[in-house]
Protein chains: 2
Amino acid sequence: MADHRQRRKPGETREKLMNAALELVGKGRHFASLGIREVTRQAGVVPTSFYRHFRNMDDLGLQLVDELGLVLRRMMREARGNVLQADKLIEESVGIFINHAQSNRNFFLFMAQGLAGESRAVQEGIRSEMRFFASELANDLRRLRLAEHLSDKDLDVTCDLVVRTVAFSLTDLLGVAVEDDYQVDQIRKRTTHFLQLIFVGAANWQSDKA
Amino acid sequence: MADHRQRRKPGETREKLMNAALELVGKGRHFASLGIREVTRQAGVVPTSFYRHFRNMDDLGLQLVDELGLVLRRMMREARGNVLQADKLIEESVGIFINHAQSNRNFFLFMAQGLAGESRAVQEGIRSEMRFFASELANDLRRLRLAEHLSDKDLDVTCDLVVRTVAFSLTDLLGVAVEDDYQVDQIRKRTTHFLQLIFVGAANWQSDKA
DNA sequence: CACTAATGTGTACAGTTGTTCACTAATGTG
DNA sequence: CACATTAGTGAACAACTGTACACATTAGTG
């Protein structure tokens, strides 16, 4: 009777559910411990609605990974547009990365969790996104003529290490409050230091190889 | 009547419970998603026994972190004893690390999960273990006169990066089957390559700073 | 050897979970 | 505009959850 079930935009509930999961992750919960009822409750939706959009929680996780890919691509685009001088490349990139990580906090939290998560598929998806990211980075470095003395393989390893290092910094960043400027700045400096160390290593690689 | 409740060695059930949790983690479950009943079932113990040893699952996690510390210390001791020549230092250390990671698989799996886990305390505990590990590594490098041109701070950052890199490799390693020799060897080579890159960077650090 | 603290057990209960089902409203297609 | 499809709802269920309680057994103490 007083039944105001109304369908608004298509896919709206789907988004609400995905956001709800991210919100719970943002509140400190681990994705692997979330239940269907919990997510639907947070989304303000009846439990059965879940099945209209996802087969189970793993499925939801997979679709989150897809969206994560979009976030990463946006970040790359911005980095490519804003990094002008090569000498400030590292500082600027780290800055952009930290900004994105802060404004998409829950997404990156989900990513950090998923790396050692319980769904093999989600794990593989995130790894795949990281590989893509690394290969794009390698392209950029080639394009900017910043890695001319490195073999393809060595460049690949270097970029992989860079991406891993940044991903690990992510877990530092997500462990401190967004408004804790001091700590955030510490992480920024340390991450920059890491990357500089790696690039110095890459720059001196061949010669030391003998 | 036929009530064979018997107390064997003290702390035996405690161990059984901790092992049970690790076993479940080893089977692909995420620690954050484990329940008390589930763990006690796996341990072959009645649910109420759990409370004799732990206040809740977080508490169990914390105690696992403590044991993890012991495992890491054992690994360090072995590395210190077996790494003879400085020129093979990286290869040998990576080898020892991989061996330990394989034979204490579930422990390291737990560690990898806990880094982005749901209990802040566990997270902090693991981080603390990693810091300790890094500082010990710094001591060793100093002792071996392998980092004489680096400031304390730069050495600290370098060792931190090394530990993070190895920890990340851990997640690669735990993602492949123990008996998949080819993949394990790939990971070993890649990790070695990472560390060499970092050490080349460290060796050329000051000069490039200017 | 008696006694106390520690440990293990069985039962119980209220709350939550995932999932199914039949039903209804809105949407977009022809 | 009829109609099939999609999306949302509520009630129901059996299975499982964490936790509390009273009780039984053991270990180690003096």
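Reminder, nothing fancy here: chain letters follow the sequence lines and each chain counts from 1. Please read these numbers as outputs of a predicted model, since none were measured by experiment.
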**OP:** Would you indicate, yes or no, if D:dG8 has its OP1 or OP2 atom less than 4.0 angstrom from a side-chain nitrogen or oxygen of A:His53?
**Re:** yes

Per atom distances to the B:Arg37 side chain, the nearest of C:dA12, C:dT19, D:dT9 is C:dA12

Mate of C:dT27 across any strand shown (Watson-Crick or G-U wobble, both atom pairs under 3.5 Å) is D:dA4

From the candidates D:dT9, C:dT17, D:dC16, the one with an atom nearest any side-chain atom of B:Arg41 is D:dC16

(request) Give a yes/no answer on whether the side chain of B:Arg14 brings an N or O atom under 4.0 Å of OP1 or OP2 in C:dT7. (result) no

In A:Gln196, A:His193, A:Lys189, the residue satisfying side-chain contact (heavy atoms from CB on, under 4.5 Å) with B:Val157 is A:His193

**OP:** Mind checking A:Arg55 for me? I need base, sugar-phosphate or nothing, with any heavy atom below 4.0 Å counting as a touch.
**Re:** nothing

Considering only heavy side-chain atoms of B:Arg52, the closest of D:dT17, D:dA7, C:dT7 is C:dT7

Decide if atom CZ of B:Arg143 counts as having more than 12 heavy atoms of other residues, nucleotides or ligands within a radius under 6.0 Å.
yes

Scan side-chain atoms only and decide if B:Arg188 and B:Ser169 contain a donor-acceptor pair under the 3.5 Å cut-off. no

Side-chain atoms of B:Thr48 come closest, of C:dT11, D:dG8, C:dG8, to C:dT11

Taken to the nearest 0.5 Å, the spacing of B:Asp172 CG from A:Arg127 CZ works out to 4.5 Å

Discussion item. With a cut-off of less than 4.0 Å, is there a side-chain N or O of A:Tyr51 near OP1 or OP2 of C:dT20?
Written reply: no

Regarding the side chain of A:Ser49, the nearest nucleotide among D:dG18, D:dA7, D:dT9 is D:dT9

